[in-house]
Student: 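Have a look at this one before I ask anything.
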There are 2 protein chains.
Amino acid sequence: MVELTRKQREIERRTGEILRVAKPILVREGFHALSMDRVAADMEYAKGTIYNHFPHKEEIVLALAVQSMELRRKLFEFSAAFADNSRSRMMAIGVACEFYTHHCQEDFVIEQWMRNHSVWEKSSHQRQNLIRQCEAQCMAIVSGIVRDGVAEGSLLVPAGMTNEEFVFGFWAITFGSQILTASSPSLPALGVHDPTRALRIHCATMLNGFEWRPIMNLSEYLSRSERLASDLMPRLHTLRDQHQQTQV
Amino acid sequence: MVELTRKQREIERRTGEILRVAKPILVREGFHALSMDRVAADMEYAKGTIYNHFPHKEEIVLALAVQSMELRRKLFEFSAAFADNSRSRMMAIGVACEFYTHHCQEDFVIEQWMRNHSVWEKSSHQRQNLIRQCEAQCMAIVSGIVRDGVAEGSLLVPAGMTNEEFVFGFWAITFGSQILTASSPSLPALGVHDPTRALRIHCATMLNGFEWRPIMNLSEYLSRSERLASDLMPRLHTLRDQHQQTQV
DNA sequence: TCAATTATTGACTTCTCGTCAAAAATGACA
DNA sequence: TGTCATTTTTGACGAGAAGTCAATAATTGA
């Protein structure tokens, strides 16, 4: 029994190693470059062994995506508890998103691959569910903040709109901005020189537009964001490094 | 000379046919399923002939993307001229985006493939530039509306923010919402039952938040959007059908 | 120690990409 | 119309990746 678990542990360890080898290939050279032969060669195992762990490379991508989504959830969990009033907590989520975009670029790239239709479709329901769960947990964290805001009386979500639909708008603008920043040929050439700052301004406008108190004017909002970011970011760095330790 | 052009025309016609054959494969079965062998077989030509037209399949995707972006631009051009005051014109752009998402789904899927890093990187600068141009034209149309709004005095873009950065927010939220709707496993399960309506509400909030006059309350905005949509949509359908005729 | 179970291996089949020499079609000119 | 240079088309081919599976090796329990 003890021996069995030793072997079992050995196998689990190798699963992690496969992911560690596959991640930079996927992130830096793309899905096409990630081949089972290559992973096997890099690890000095036979290809069949890799297939014992993952039935195809799409499953490797989803396994990586599970890690990335878990990191995101951890960042959200931590950030959501970092401030006191609901609006600041929402702003802290914004900081977490900025952190994820700028300092967890690899994970962000992986999330994009995960959202690729052909990758998603081919992978196991089990891992799909893990991702869905993680997504739901992230949503629960943020919509929880909205719920608290409503309960505090500092926010009124429009009639006929769920808290989650309220969150959806912020999710969409953050996510869309990330993708455009990463994939639109040349935002600066289009006149978009500082997408991060622009995003902050738009979020501020939305928060004010929904009258989420305390209302702040723009410069107030921006300086608070800056302060929040410099307080929160070091902690997020630690969190991220811890998370990466766990993956070994 | 006349003979030469006949041959030339024959070749151009076939380029179009390749795209017509490739489009449904890419859209319905994904990039992976789009193989040169398959296109050749479907058209009853040899593979080498297809390679005479396109050096690899990535180039086919970008050629399709050029068509899709041109359709988008046409929709924007038409919509931007459809209303009189600047805020309504901005709302008309929103309607055009909704139309594109719901009634030009194939083109939207193609745009996503175009934004895929490995596809983009491999394709010719010439086609990349066509796409960039189209993107810039779309941006120019929308930022033009913003400029007009500022000139009319019905809108004040925050200091230190370009018109394009102002547009960027709307672009991001619209685009992000489209991607999430298309790729997030189950928005309804997350509590997002009507993303389209949610998006409208968020856009309304942003427009009001930036004090783009005439300010409207939510129900006013939604009923106006609805009216604008029912006026504009039939024209956009015509426009789309015309565009598809040209591609033959 | 040995048989049963489990894990690993890499050769093999199938598929696609992208190339290129040979074959076919075209066109200009006598 | 016949000839020949040019252009276009063809499909066989090499390279390389996906995924399978029978043979081999390692591990375990008795």
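Proteins get letters first, then strands, A, B, ... in listed order; numbering begins at 1 in each. Computation of the quantities below employed the complete heavy-atom set of this structure, encompassing side-chain atoms and omitting hydrogens, waters and symmetry-equivalent molecules.
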Student: Send over the distance from B:M43 CE to D:dT10 P, rounded to a whole Å.
Tutor: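 Those two atoms, CE and P, are 10 Å apart.
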Student: Take the protein atom CD of B:E10 and the nucleotide atom C1' of C:dT26, then report the distance between them rounded to whole Å.
Tutor: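 One finds 13 Å between C1' of C:dT26 and CD of B:E10, rounded.
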Student: What's the CD1-P distance between B:I50 and C:dG18, to the nearest Å?
Tutor: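 B:I50 atom CD1 is separated from C:dG18 atom P by 14 Å.
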Student: Measure from CZ on B:F54 to P on C:dG18 and round the result to the nearest Å.
Tutor: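 Between P of C:dG18 and CZ of B:F54: 14 Å.
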Student: According to salt bridge (Lys or Arg N to Asp or Glu O under 4.0 Å), who are the partners of A:K23, at least two apart in sequence or on a separate chain?
Tutor: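 Salt bridge (Lys or Arg N to Asp or Glu O under 4.0 Å) check on A:K23 returns A:D107.
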Student: CD of B:E29 versus C1' of C:dT16: gap in Å, rounded?
Tutor: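 Answer to the nearest Å: 15 Å.
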Student: Please list, chain by chain and in numerical order, all residues satisfying ring pair (Phe, Tyr, Trp, His ring centres under 6.0 Å) with B:H237, sequence neighbours excluded.
Tutor: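 Partners of B:H237 by the ring pair (Phe, Tyr, Trp, His ring centres under 6.0 Å) criterion, ordered by chain and then number, come out as B:F99, B:H103.
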Student: Taking protein heavy atoms under 4.0 Å as touching, what does nucleotides 17-23 of chain D look like 5' to 3' if B marks base contact, S marks sugar-phosphate-only contact and - marks none?
Tutor: SBBB---
Student: Rounded to the nearest angstrom, tell me the gap between atom NE2 in A:H53 and atom C1' in C:dT6.
Tutor: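 Answer to the nearest Å: 13 Å.
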Student: Quickly work out the B:N52 CG to D:dT7 P distance and round it to whole Å.
Tutor: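 After rounding, the reported distance stands at 13 Å.
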Student: What are the two closest non-hydrogen atoms of B:L75 and B:L236, and how far apart are they?
Tutor: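 Heavy atoms of B:L75 and B:L236 come nearest at CD2-CD2, 3.9 Å.
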Student: With sequence neighbours left out, write down each residue that passes salt bridge (Lys or Arg N to Asp or Glu O under 4.0 Å) with B:R240, or none if nothing qualifies.
Tutor: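 Counting only residues at least two positions away or on another chain, B:R240 forms no salt bridge (Lys or Arg N to Asp or Glu O under 4.0 Å).
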Student: Tell me which pairs pass ring-ring contact (aromatic ring centres under 6.0 Å, His included) where either residue lies in residues 12-35 of chain A, with sequence neighbours left out.
Tutor: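 Sorted pair list: A:F31-A:W113.
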Student: With sequence neighbours left out, which residue pairs that include part of residues 36-61 of chain B fulfil the ring-ring contact (aromatic ring centres under 6.0 Å, His included) condition?
Tutor: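 Found none.
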